[in-house]
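The block underneath contains the structure these notes are about, expressed in structure tokens.
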Amino acid sequence: MSTERTLSIIKPDAMAKHIIGDIINRFEKNNLHVVAARMMHLSQSEAEQFYLVHHARPFYADLVSFMSSGPVLVMVLEGDDAIAKNRQIMGATNPKEALPGTIRADLAESIDHNAVHGSDAAETARHEIAFFFKPEELVG
Ligand code: CMP
């Protein structure tokens, strides 16, 4: 096992439900520690840039619109195998396919409003962390 960092975003649907404490508690109980955090309201252009990899997908416009519709909490999580562990804790992208006990099964409504985002691989994590945070903003 190796110590990794991954990017986590609590999305506007979960922010509106005031469940950030529940979500962060799930990370901390699983030894994923928050080493950077910022609450922000993404502009349309920031959301477009962040999700650029999906620009050709049919859901891109809705995704950008949703992610810029309200505040988000952007975090860097650190821990052993943080990238895979975060994805396990989140559950499948579509809450209807997510295992019971995962964030998306317990707290999300739909594939569009699925409560959280997490980096899917080491290279993506590096890129996504650098998108939001300067190296000196990470502590721990
Ligand atoms: P996220 O992990 O933030 O990455 C891209 C997002 O696009 C994804 O979560 C979903 O919320 C959203 N999305 C909407 N439709 C789809 C789809 N068919 N496949 C994958 N992601 C989708």
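Order of appearance sets the numbers: ligands from 1, and atoms from 1 within every ligand. Every heavy atom of this structure was used, including side-chain atoms; hydrogens, water molecules and symmetry mates were not.
Heavy atoms of Arg104 approach ligand 1 to within less than 4.0 angstrom. In this structure, Phe66 has no heavy atom closer than 4.0 Å to ligand 1.
Using a 4.0 Å cut-off between heavy atoms, His113 makes no contact with ligand 1 at all. Of all the heavy atoms of Thr93, the ones lying under 4.0 Å from any atom of ligand 1 belong exclusively to the side chain.
Using cut-offs of 30° and 60° for the angle between ring planes, the Phe131 and Phe50 rings count as perpendicular.
Counting only heavy atoms of the protein, atom 6 (C) of ligand 1 lies nearest to Leu63 CD1, 3.7 Å. The nearest protein atom to atom 4 (O) of ligand 1, hydrogens excluded, is given as Tyr51 CE2, 3.7 Å; this is a heavy-atom distance. In this structure, the protein non-hydrogen atom closest to atom 2 (O) of ligand 1 is His117 ND1, 3.1 Å. The single protein non-hydrogen atom nearest to atom 7 (O) of ligand 1 is Phe59 CE1, 3.3 Å, given as residue, atom name and distance.
Residue Ile111 has at least one N or O atom closer than 3.5 Å to an N or O atom of ligand 1.
Lys96 and Glu109 are not joined by a salt bridge, as no carboxylate oxygen comes within less than 4.0 angstrom of a charged side-chain nitrogen. Between Glu137 and Arg38 there is a salt bridge, with a side-chain nitrogen of the basic residue lying less than 4.0 Å from a carboxylate oxygen of the acidic one.
Aromatic pair His117/Tyr51: ring centres closer than 6.0 Å.
Ligand 1 places these atoms under 4.0 Å from at least one heavy atom of His54: 4 (O), 5 (C).
Residues Asn114 and Lys11 bring a donor and an acceptor atom of their side chains to less than 3.5 Å of each other. Under the 3.5 Å distance criterion, with hydrogens and angles disregarded, a donor-acceptor pair is assigned to the side chains of Glu128 and Ser119.
Rounded to the nearest 0.5 angstrom, Asp106 CG and Asp22 CG are separated by 8.0 Å.
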